[in-house]
There are 2 protein chains.
Amino acid sequence: LTIEDVLNKDIMDLIIPSDQVAHVQVDNPLEHALLVLVKTGYSAIPVLDASYKLRGIVSKTLILDFILGIERIEFEKLSDHRVSEVMKTSMPILKTDDPFIEAVKLSINETFLCVEDENHIFQGILPRSALLKFLNHYLRD
Amino acid sequence: LTIEDVLNKDIMDLIIPSDQVAHVQVDNPLEHALLVLVKTGYSAIPVLDASYKLRGIVSKTLILDFILGIERIEFEKLSDHRVSEVMKTSMPILKTDDPFIEAVKLSINETFLCVEDENHIFQGILPRSALLKFLNHYLRD
Ligand SMILES: Nc1ncnc2c1ncn2[C@@H]1O[C@@H]2COP(=O)(O)O[C@H]3[C@@H](O)[C@H](n4cnc5c(N)ncnc54)O[C@@H]3COP(=O)(O)O[C@H]2[C@H]1O
Ligand SMILES: Nc1ncnc2c1ncn2[C@@H]1O[C@@H]2COP(=O)(O)O[C@H]3[C@@H](O)[C@H](n4cnc5c(N)ncnc54)O[C@@H]3COP(=O)(O)O[C@H]2[C@H]1O
């Protein structure tokens with residue numbers, strides 16, 4: 001692998017395709033989202049709407065923060081509130097033809113990046129591990 | 001930055017030093033560990049013993065997994081159990097003089113790496129963001 005091979009790498013070769021990405025819907029109760037997060041073991045997952053468009057990211061941290069009261073963690077709040085009330089909506093989004101260097105730059109502050117096509121249909125995610133695996137391959141040679 | 005600069009990078013230039021790393025003690029109750037994780041916002045943090053030696057890593061995922069019952073999340077278990085009962089002890093550990101490429105390889109499967117000196121005293125952590133920031137700097141030039 002040369003430095004040109006790295007800079008010209010197609011990010012679509014590295015992504016986890018949408019059918020393998022655990023996700024929840026915008027209007028799901030928080031209880032459902034926390035169970036999906038706990039059962040999959042993931043810290044954070046994408047939130048999609050009914051037309052498979054990306055709407056945000058929900059995480060164990062955001063849910064636990066929301067239900068952390070002054071004295072204790074108020075678990076009864078989980079069934080009364082929805083994903084849309086806690087999800088983060090300000091995340092960077094990659095387009096399918098974005099350059100590899102853009103993915104590296106955005107991954108400095110995100111554990112994974114969501115990828116959309118030109119019609120804003122969710123294509124999958126690019127986790128930091130995929131970038132690190134490819135960069136390690138380059139450095140090793 | 002040349003490829004030699006990257007391969008010869010001292011990992012100690014990139015670590016978060018131990019006094020800035022949120023951590024808990026082996027014998028802390030789980031309730032305390034979950035509150036530290038929620039208040040700092042971190043997904044996972046190191047577990048140290050009284051002599052500042054690394055003993056494991058505890059995470060929101062490991063704690064939530066432990067208290068997930070068949071019907072519901074059993075929060076009352078938090079005060080009856082300790083960090084040592086859920087922490088992961090099989091994590092890779094970097095030495096202060098390990099090469100940069102070793103840190104990249106181990107970061108493929110770990111969100112951060114703990115760093116120890118030759119006397120096994122905890123020195124700090126090397127998060128994936130630090131590696132990605134440095135690699136981005138190299139690729140950009
Ligand atoms: N079931 C599993 N099998 C093997 N390794 C596992 C694993 N769960 C977690 N890991 C390891 O732990 C890292 C952090 O996972 P985390 O859930 O905090 O953070 C994850 C999670 O929030 C999200 N993610 C990864 N794969 C996902 C998927 N299939 N569906 C939804 N979200 C996913 O992307 C973040 C970064 O993932 P990345 O691969 O860079 O980094 C992962 C991976 O190296
Ligand atoms: N308070 C904050 N301010 C700014 N950005 C924040 C942040 N909390 C989280 N992030 C961002 O989110 C990423 C994932 O954080 P997470 O808590 O899952 O995973 C973190 C956490 O488990 C641990 N970590 C990072 N800094 C720590 C510290 N000072 N003490 C203890 N653990 C730390 O290392 C993992 C990887 O950290 P990394 O920097 O690569 O990646 C961080 C960073 O990019």
Side-chain angles (χ1 to χ4, degrees), chain A residues 1-4 6-9 30-31 34-44 59-69 71-76 78-79 99-113 127-141, chain B residues 1-4 6-9 30-31 34-44 59-69 71-76 78-79 99-113 127-141:
Chain A
L1 278 175
T2 65
I3 185 72
E4 285 72 39
V6 172
L7 294 172
N8 294 325
K9 182 69 176 171
L30 282 183
E31 195 166 37
L34 188 59
L35 277 178
V36 169
L37 285 163
V38 175
K39 287 212 187 299
T40 58
Y42 296 126
S43 299
S59 68
K60 286 170 180 154
T61 296
L62 288 170
I63 295 174
L64 287 170
D65 259 347
F66 183 77
I67 62 175
L68 180 66
E71 298 274 314
R72 44 180 279 277
I73 296 179
E74 299 164 2
F75 291 95
E76 58 285 359
L78 287 174
S79 41
F100 180 80
I101 183 97
E102 181 67 12
V104 174
K105 191 184 82 187
L106 292 177
S107 286
I108 292 170
N109 291 311
E110 302 293 329
T111 58
F112 67 90
L113 298 166
R128 280 174 169 172
S129 61
L131 292 171
L132 286 163
K133 200 175 203 166
F134 180 66
L135 288 165
N136 179 58
H137 189 58
Y138 163 66
L139 292 175
R140 223 181 36 208
D141 290 353
Chain B
L1 278 177
T2 65
I3 185 72
E4 286 73 37
V6 172
L7 294 172
N8 294 325
K9 183 70 177 170
L30 282 184
E31 195 165 40
L34 188 60
L35 277 178
V36 170
L37 285 164
V38 175
K39 286 206 188 300
T40 58
Y42 295 127
S43 298
S59 68
K60 286 170 180 154
T61 295
L62 288 170
I63 295 175
L64 287 169
D65 259 346
F66 183 76
I67 61 176
L68 180 67
E71 298 276 315
R72 44 181 278 280
I73 296 178
E74 299 164 358
F75 290 94
E76 57 286 358
L78 286 175
S79 41
F100 180 80
I101 182 100
E102 181 67 12
V104 174
K105 190 183 82 186
L106 292 177
S107 286
I108 293 170
N109 291 312
E110 303 294 328
T111 59
F112 67 91
L113 297 166
R128 279 176 170 172
S129 60
L131 293 171
L132 287 162
K133 199 175 204 169
F134 180 66
L135 288 164
N136 179 59
H137 188 58
Y138 162 66
L139 292 174
R140 226 181 35 209
D141 288 353

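Throughout, protein chains are lettered first and strands after them, A, B, ... in sequence-line order, and every chain is numbered starting at 1.
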Inset, instruction - Apply side-chain hydrogen bond (donor to acceptor under 3.5 Å, both in side chains) to B:Ser129 and list each qualifying residue two or more places apart in sequence or on a separate chain. - result: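 B:Ser129: no side-chain hydrogen bond (donor to acceptor under 3.5 Å, both in side chains) contacts found.
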Spacing of [X] atom [atom1] and [Y] atom [atom2] [to the nearest 0.5 Å]:
X        : Y        : atom1 : atom2 : result
A:Lys39  : B:Leu64  : NZ    : CG    : 11.5 Å
B:Arg128 : A:Leu131 : CZ    : CG    : 9.5 Å
B:Tyr138 : A:Leu139 : OH    : CG    : 7.5 Å
B:Phe75  : A:Glu74  : CZ    : CD    : 12.0 Å
A:Lys60  : B:Lys60  : NZ    : NZ    : 9.5 Å
B:Ile108 : A:Leu132 : CD1   : CG    : 6.5 Å

Inset, instruction - Taking the side chain as every heavy atom from C-beta outward, state whether A:Val38 and B:Asp65 have any atom pair closer than 4.5 Å. - result: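 Result yes, sub-4.5 Å side-chain heavy-atom pair found.
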Legend entry - Contacting region of A:Leu7 [heavy-atom separation from chain B under 4.5 Å]: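 A:Leu7 touches chain B through side-chain heavy atoms alone.
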Inset, instruction - Please look at A:Leu37 and chain B and tell me whether the side chain, the backbone, both or neither of the residue comes under 4.5 angstrom of a heavy atom of that chain. - result: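 Contact with chain B involves no heavy atom of A:Leu37 at all.
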Legend entry - Minimum-distance pair of heavy atoms, taken over all atoms of A:Arg140 and B:Ile101: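 So the two residues come closest at N-CD1, 3.7 Å.
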Between [X] and chain A, which part of the residue has a heavy atom less than 4.5 Å away: side chain, backbone, both or neither?
X       : answer
B:Leu34 : side chain
B:Leu68 : side chain
B:Leu62 : neither

